[in-house]
Amino acid sequence: MKLLERIADILFPERLTCNICGREIFDGGYLCEECAKTVIFNDKATCPVCGRATRYPVLCLECKDKAPPYKKAVSATVYDGGAARLILSFKSGSPHLKRYFAELMEPKCRQLEGADSICYVPMTAKAKRKRGYNQSEILAKELSKRLHLPVIKDAVVKKRETKSQKTLSFKDRAQNLKGSFTAYKEKVSGKSIILVDDVLTTGATAETITRELLKKGAKCVYLATVASVEFKRPL
Ligand SMILES: [Zn+2]
Ligand SMILES: [Zn+2]
């Protein structure tokens, strides 16, 4: 093992045990061999706009039906199995996973032509205090180091807490989110921004923030997430 890698192990003890099952690992990775198999990478067919896994690499029915406001979205993995478990840990006491996720997201982000800055999905101050960190913000900072693009701090803020989105329909989600995010023109005007979040599910939050960024003069908005739900053709 190279000296630098050994130093990394001492500095980052998360690379000594598997981040899913806790088993000891010896190759300096993040996952044991078994758990690594449960992470599905988005390296096969994806929709060229929303980046979700699809059966064929063509526009998915949702994007065909209604184009999202962002120019293009990319995600490193499918939100299922190992990736879903890792994201849950990331949000509940394992902020160090930002390094693993940024590593996975970097090549996807490099495909976003002309991007010149990064911003992240905000949390309310209260929610951030409760968790101790905003997972999208720390992920954005980690990506910033790899992509050599600046993070625009507080480009968008979340002023009020919204109801849990889980039980709401897409239309109700959009209504629930309306007016809860504010972007600052002086920070975002003329910028080509990569908006970073942990996961893309319905896309309601990302779409609301994208519209707000564009309204405040952003030139274009890309979306980058660790994972996205697979596009499933409606039955
Ligand atoms: Zn494992
Ligand atoms: Zn799509």
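Atoms within a ligand are numbered from 1 in the order they appear, just like the ligands themselves.
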Problem - Minimum heavy-atom distance between I152 and Y120, given as atom pair plus value - result: O-CE2, 4.0 Å
Exercise for the section: Answer yes or no: is there a side-chain heavy-atom contact under 4.5 Å between S117 and I194? Expected result: no
Practice task
Report the C-alpha distance between L223 and V196 in whole Å, list the side-chain angles of each, state the deciding distance to 0.1 Å, and finish with yes or no for side chain to side chain contact (heavy atoms under 4.5 Å, CB included).
Solution key: CA-CA 6 Å; L223 176 67; V196 173; over 6 Å; no
Practice task
State whether E103 and R99 are salt-bridged, where the test is any N-O pair (Lys NZ or Arg NE/NH1/NH2 against Asp/Glu carboxylate O) under 4.0 Å.
Solution key: no
Report, one line per pair, each donor and acceptor closer than 3.5 Å where one atom sits in a side chain of residues 211-219; sequence neighbours left out.
from, atom 1, to, atom 2, distance (Å)
E212, OE2, A183, N, 2.8
E212, OE2, K216, NZ, 2.7
K216, NZ, A183, O, 3.1

Handout entry: Identified salt bridge (Lys or Arg N to Asp or Glu O under 4.0 Å) counterpart of E137 within the set K128, K98, R131
Key = K128
Practice task
For residues 184-196, pull every pair meeting salt bridge (charged side-chain N to carboxylate O under 4.0 Å, His left out), keeping only residues two or more places apart or in separate chains.
Solution key: none
Handout entry: Over 12 foreign heavy atoms within 6.0 Å of CZ, R23
Key = no
Fill in the blank from the handout: Within a distance under 2.8 Å of the Zn ion (ligand 2), the protein atoms of type N, O or S are C47 SG, C50 SG, C60 SG, C63 SG
Practice task
Can you label the angle between the F90 ring and the Y133 ring as parallel, tilted or perpendicular, going by 30° and 60°?
Solution key: tilted
Handout entry: Atoms of type N/O/S from protein, distance to the Zn ion (ligand 1) below 2.8 Å
Key = 4
